[in-house]
Amino acid sequence: MSTAGKRRKPGRSEQRATPSTSAKVRSTHGGLRKTLIPGIPSAPTLIGATALLLAAAGAVTVSAPDSGSRLASGNVQRLSGQASVLSGASSISSNSSLSGRARAVSRDSQREALQDAADEDLQAAAEKQAKERNAALAALAASAEKQASLIAKNAWQTPVAPGAYHLTSRFGDCSTLWSHCHTGLDFAAPSGTPVHAVTGGTVSQTGYAGAYGNQTIVTLEDGTEMWYCHQTTIGVSPGQKIRAGEVIGTVGSTGNTTGPHLHLEVRPGAGDPVDPFAALVAHGIQP
Ligand SMILES: [Zn+2]
């Protein structure tokens, strides 16, 4: 951007101001600003515009008191230099030996340059903001979609449909019936009642397992094992991937039982069993 076309023709009173040294310029600066160029914004206005411009461009921040002291000493060169950096315009006030008139003109074109640069920067900032907002919305939508599919895949549910069972024995119950305390949660239901996968996973083992009767072990993605026991029938095979809610067999009384029920065990990392009731509750299910 050239500043030449924006130079004002020097007025009569302006021609009178002919300081020859920078020291003289400094001393007359205040008077010039007040009497000869009433249209020039006050120092605080310029500072404000510069600060806004710099903030919009993401450049260094100028603190008003600091700039104020520089302006008060007549050092417009610094302000002009900042505008040049932002707008790419070459400034005519970069020469410290310029006359007061040139300095006045410089401030005028500098103000226009600042305004132009501010307009361009504001528009660019608005466009950038719109792009960023669209990108953020797209990312959010993708994330929500992914989350929804994860939830659908990993959502937990009871192994027997709600209303089709009643709980008979809790984790940790001790009885002479067992050689040790209860390691699972019992869902009592008539034989043949469908058994649903509590959550998705891979069938890792099926078959008869002594006191557990007909047993199906499903391994979840995190390594947790789900044991489904005492079934009348087993409806899945090892290696088979299953989704939450999928029917994997039927309730029965095979193994060590006093009546038909599904014995559910939850074993994190294929290790010791934890309370299935608490595990279900932790996954938003109230069994
Ligand atoms: Zn049991």
Side-chain angles (χ1 to χ4, degrees), residues 148-287:
S149 87
L150 281 175
I151 287 166
K153 189 177 166 190
N154 293 328
W156 285 36
Q157 59 182 71
T158 53
V160 179
Y165 69 87
H166 65 275
L167 299 177
T168 51
S169 183
R170 304 289 188 107
F171 180 83
D173 286 350
C174 297
S175 152
T176 52
L177 181 65
W178 305 303
S179 56
H180 49 77
C181 295
H182 198 217
T183 51
L185 182 63
D186 288 353
F187 294 77
S191 282
T193 302
V195 172
H196 302 267
V198 169
T199 186
T202 304
V203 177
S204 47
Q205 193 177 314
T206 58
Y208 193 83
Y212 287 112
N214 286 326
Q215 181 194 53
T216 298
I217 298 178
V218 176
T219 303
L220 313 189
E221 263 182 17
D222 67 359
T224 299
E225 283 185 356
M226 291 270 188
W227 292 14
Y228 303 85
C229 308
H230 309 310
Q231 298 164 86
T232 298
T233 57
I234 295 171
V236 291
S237 309
Q240 188 176 335
K241 289 198 184 303
I242 53 164
R243 297 186 314 276
E246 196 169 326
V247 175
I248 60 171
T250 55
V251 172
S253 54
T254 56
N256 190 2
T257 72
T258 55
H261 72 277
L262 176 80
H263 171 98
L264 176 72
E265 287 194 11
V266 177
R267 293 174 174 260
D272 291 336
V274 297
D275 186 355
F277 190 96
L280 285 162
V281 168
H283 287 82
I285 301 300
Q286 192 67 36

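Quick caveat, the model's predicted, so the values are computed rather than measured. For ligands, and for the atoms within them, numbers begin at 1 and follow the listed sequence.
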_Closest heavy-atom pair and its distance - Thr257, Thr254_ = CG2-O, 3.7 Å
*Parallel, tilted or perpendicular: rings of His283 and Trp156 (30°, 60°)*: parallel
*Would you tell me whether Ser204 and Glu225 have side-chain atoms, one donor and one acceptor, within less than 3.5 Å of each other?*
no
*Check whether any N, O or S atom of His261, backbone or side chain, sits closer than 2.8 Å to the Zn ion (ligand 1).*
no
_Separation between CD1 of Ile234 and CD of Gln215, rounded to the nearest 0.5 Å_ = 8.0 Å
*Check His263 and report its N/O/S atom nearest to the Zn ion (ligand 1), by atom name.*
ND1
_Among the N, O or S atoms of Asp186, which one sits nearest to the Zn ion (ligand 1)?_
OD1
